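First up is the structure itself, then whatever we jot down about it.
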Amino acid sequence: FRDDRSVEKSLFENVDRSIRFEALPSMSGLKISAEGFSWKPFGTSLIFDALQAKGLLQKNTLTIDELDTTLLGGRMTGRWQLDWTQGLSMTGEAKLAGLDVAKVCAIFAPAFSMDGSLAGALQIRGRGLDSATLWANTETNLMAMVTRGIYRGVDFGEAVRRTGVQTNRA
């Protein structure tokens, strides 16, 4: 606290100190920063090896302008916004680089058996009256490229050979 009893800054961290939040009052709202190492959000099997985020908390919005994280063997950078003016709405975009496809599939698509390196652009958008409907109504768009990829259980060579080709016998 300052001498005038106003808040100078606030620090929060979880029990294992894997994530830390700092809030600094400013003229436009609370400047928020987060830093994490080996952080596993509750209820998920996803682990953020390293995470840094900076943003601004205002009356009806939280805007994360800078998000930089290493996870799933690669890196994700981007921005995200949550608004609660009328219900909840969120938007976000991120660039992905070098994510391990096997790790991505293990968490998000366990039925797939793939390997490789994933890079691309992710967009997320959702709207709802509460957090449950927000996530239920969330749409994502992923433009991705997998390099050095292997998709187990599918023979692409055979699929290409059979596509549109008919054997003609005389």
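Sequential numbering from 1 along the given sequence is applied to the chain's residues. Just so we're clear, the structure is a prediction, and the values are computed from it rather than from any experiment. Side-chain atoms are counted along with the backbone in the values below, which use heavy atoms only and exclude waters and symmetry mates.
Between Asn141 and Arg125, the closest side-chain pair of non-hydrogen atoms is not below 4.5 Å. Put simply, the side chain of Arg79 reaches to within 4.5 Å of the side chain of Thr63, judged on heavy atoms. When side chains are defined from C-beta on, Asp100 does not count as touching Ser117, because their heavy atoms never get closer than 4.5 Å. Here the side chains of Met90 and Thr138 are in contact, with some heavy-atom distance below 4.5 Å.
A search for ring pair (Phe, Tyr, Trp, His ring centres under 6.0 Å) contacts involving Phe37 returns nothing, not counting sequence neighbours. Residues satisfying the salt bridge (Lys or Arg N to Asp or Glu O under 4.0 Å) test with Glu22, not counting sequence neighbours, are Lys9. Remark: Trp39 engages Phe48 in a ring pair (Phe, Tyr, Trp, His ring centres under 6.0 Å) (not counting sequence neighbours). Remark: Ala144 engages Leu118, Leu142 in a side-chain contact (heavy atoms from CB on, under 4.5 Å) (not counting sequence neighbours). Glu13 pairs by the side-chain hydrogen bond (donor to acceptor under 3.5 Å, both in side chains) definition with Arg17, not counting sequence neighbours.
Here the NZ atom belonging to Lys54 is positioned 12.5 Å from the CG atom belonging to Leu67, to the nearest 0.5 angstrom.
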Go through Leu72 and Ile47 one step at a time and tell me if the side chain to side chain contact (heavy atoms under 4.5 Å, CB included) criterion holds. CA-CA 8 Å; Leu72 303 171; Ile47 296 174; over 6 Å; no

Can you check side chain to side chain contact (heavy atoms under 4.5 Å, CB included) on Asp68 and Arg75, steps first, answer last? CA-CA 7 Å; Asp68 189 346; Arg75 185 171 179 204; 2.6 Å; yes

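In terms of heavy atoms, Ser18 sits closest to Ser38 at CB-O, 3.8 Å. The shortest heavy-atom contact between Ile32 and Ala23 is CD1-CB, 3.9 Å. When all heavy atoms of Ile64 and Ala53 are compared, the closest pair comes out as CG2-CB, 4.0 Å. For Gln58 against Ser28, the heavy-atom pair with the smallest separation is NE2-O, 3.0 Å. The two residues Val146 and Gly116 have their closest heavy-atom pair at CG1-CA, 4.3 Å. Residues Lys31 and Leu56 share a closest heavy-atom pair of N-CD1, 4.1 Å.
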For residues 82-89, which side-chain N or O atoms pair as donor and acceptor with protein atoms under 3.5 Å away, sequence neighbours left out?
from	atom 1	to	atom 2	distance (Å)
Asp83	OD1	Thr85	N	2.7
Asp83	OD1	Thr85	OG1	2.7
Asp83	OD2	Thr85	OG1	3.3
Trp84	NE1	Lys59	O	3.2

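Around the CD1 atom of Ile107, the shell of radius 6.0 Å holds more than 12 heavy atoms that belong to other residues, nucleotides or ligands.
Arg148 has no carboxylate O lying under 4.0 Å from a charged side-chain N of Asp115, or vice versa, which leaves the two without a salt bridge.
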